[in-house]
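See below for the structure under consideration.
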Amino acid sequence: MAQGGTGRLAAIDVVRGFCIVSMVTGHLAPQSRVSWALHQVPAFDGASGFVLLSGLVLGIVQSRRLTTHGLAAVERKSARRIGVIYVAQVSLGLLALAAAAVATTEHRNLHPAGTSTAEAVWRVLTLQAAPPAGSVLRLYVVLLALAMVAYVLLARGRTAAVLAGSAALYGVGYLVPHVTSFRSYAGELGANWATWQLLLVVALTVGWHWAPARIGERLLARPLLVTAVTGALVAAAWAGERVAPALYDKTMFGPARVLNAFAVVTLLFVVVSRLLEVVPRAAFRPVEVIGTRSLDSYVIQAGVAVVVPSFVVGWTDVALGVALGTLALCWGWAELRRWKPWARTVVAAGPRPVDVVPGVAPAEP
């Protein structure tokens, strides 16, 4: 498994980068051939992989932080991360409000007219309103709060309790989605945080046991089994989306979609790991580097999705170019974050947290 000097596991970064590329093209150029090609796997998309890998990486890194700094440090780091994501979500919501006031064209990521400014700001601050291209962030605020509860139980060896609690919460969300779902601008049911949390919490639990159980090594030792299982589940998803669509629904995050997400991400991890053994790593650099700053990249694309279409006539004609330009911007920003003078400035600002563990990626959601 290819690793960089920082100890990152390159395969995880590459797969996360792929998820960002999928989301950027899906949000900015959904009708392009590039987006079409990246969304051919049934019941799976970049958002599913993004959330799953966030949980996996958080589990790996926070278990290490627990060992070296204790549970309080784990919770402090998590609380800070929630604060950063909340600020990012509110900023995007306020940007959508401001853009709506001066936009020359209408599109789905603008805050709709019809509400007072005070009410609109309140809805943004309370996470009741968010532009579709950036709405995953409010989901993350809830998921990371639930992760803080999971850390307490995992630190006490209560893995079964974590999984049972997550499954129970999933059941509640599936039965009463009107209670546990965010709303779209139009008031329709949006992402159901109680069902989506199962994806992150199970992945977090896997990450928590990643090193002691040698999960990565075991997966890489069984490529044929991983391929066969994933192939069977993807084939079932292809038929299932037509026969039993509720089981694969994205908004509700149906149970079959959860299984499919784990299967596809596992196969991508195995395939990318093997490719990195025979293909020069430089060939993956843009996607890998974007994957190292997946949260930053998500915020960048959301900002572009709010602002640029507001002032471009004939958006569909230039959408792919804007999407590719956005990916270039994400890459450039991620490279800047890796630049040594920047890194020295960050380190000089205070003690470096335990974000890098040998053989894994750091704890950026």
Side-chain angles (χ1 to χ4, degrees), residues 9 12 15-16 19 47-89 127 130 135-174 180-182 191-213 215 253 258 261-262 265 291 293-296 298-299 353-357 360-365:
L9 187 59
I12 289 179
V15 177
R16 289 212 293 182
C19 292
S48 302
F50 185 65
V51 172
L52 190 158
L53 287 168
S54 295
L56 177 68
V57 170
L58 284 170
I60 294 171
V61 175
Q62 298 292 33
S63 64
R64 177 68 174 182
R65 180 173 283 113
L66 176 74
T67 301
T68 56
H69 291 284
L71 182 60
V74 170
E75 300 290 48
R76 282 195 303 270
K77 178 69 174 180
S78 300
R80 285 196 297 269
R81 175 63 68 177
I82 291 172
V84 169
I85 294 174
Y86 173 79
V87 170
Q89 179 67 90
L127 305 183
S135 60
V136 164
L137 295 177
R138 61 179 177 175
L139 178 65
Y140 259 84
V141 171
V142 177
L143 299 191
L144 294 187
L146 293 173
M148 293 180 69
V149 178
Y151 296 142
V152 174
L153 294 173
L154 289 169
R156 289 162 171 72
R158 304 290 298 276
T159 299
V162 171
L163 296 176
S166 181
L169 185 55
Y170 180 92
V172 171
Y174 207 80
T180 59
S181 295
F182 288 106
N192 187 331
W193 58 262
T195 52
W196 274 81
Q197 59 79 30
L198 183 68
L199 186 67
L200 183 133
V201 171
V202 172
L204 185 151
T205 304
V206 172
W208 195 271
H209 298 286
W210 184 268
I215 294 174
F253 223 84
V258 175
F262 275 98
V265 169
R293 294 295 171 186
S294 57
L295 178 60
D296 294 14
Y298 181 83
V299 173
V354 184
D355 278 350
V356 179
V357 182
V360 302
E364 178 197 288

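In this chain, residues are counted from 1 in sequence order.
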Identify each donor-acceptor pair in which a side-chain atom of residues 146-157 lies under 3.5 Å from a protein atom, sequence neighbours left out, and give them as a table.
{"unit_1": "Arg156", "atom_1": "NH1", "unit_2": "Val152", "atom_2": "O", "d": "3.2"}

- Query: Does the side chain of Tyr174 come within less than 4.5 Å of Asn192's, by heavy atoms?
  - Reply: no

- Mind checking side-chain hydrogen bond (donor to acceptor under 3.5 Å, both in side chains) for Thr159 and listing every partner two or more places apart, or none if nothing turns up? His209

- Item | With Ser78 via side-chain hydrogen bond (donor to acceptor under 3.5 Å, both in side chains) - residues at least two apart | Gln62

- Query: Which is it for Val142 and Gln197 under the side chain to side chain contact (heavy atoms under 4.5 Å, CB included) test, yes or no, and what are the steps along the way?
  - Reply: CA-CA 8 Å; Val142 177; Gln197 59 79 30; over 6 Å; no

- Item | Distance in Å, Arg80 CZ paired with Leu144 CG, rounded so as to fall on 0.5 Å steps | 13.5 Å

- Item | Residues forming a side-chain hydrogen bond (donor to acceptor under 3.5 Å, both in side chains) with Ser135, sequence neighbours excluded | none

- Supply the atom-to-atom distance Leu137 CG to Leu127 CG, rounded to the nearest 0.5 angstrom. 9.5 Å

- Got a sec, which residues hit side chain to side chain contact (heavy atoms under 4.5 Å, CB included) with Val51, two or more places apart in sequence or on another chain? Tyr140, Leu143, Trp196, Leu199, Leu200

- Can Arg81 and Leu58 be said to form a side chain to side chain contact (heavy atoms under 4.5 Å, CB included), step by step? CA-CA 11 Å; Arg81 175 63 68 177; Leu58 284 170; 6.0 Å; no

- Not counting sequence neighbours, which residues clear side chain to side chain contact (heavy atoms under 4.5 Å, CB included) with Val265? List them please. Phe44, Leu52, Leu53

- Task: Can you measure from CH2 (Trp193) to OG1 (Thr180) and round to the nearest 0.5 angstrom?
- Result: 6.0 Å

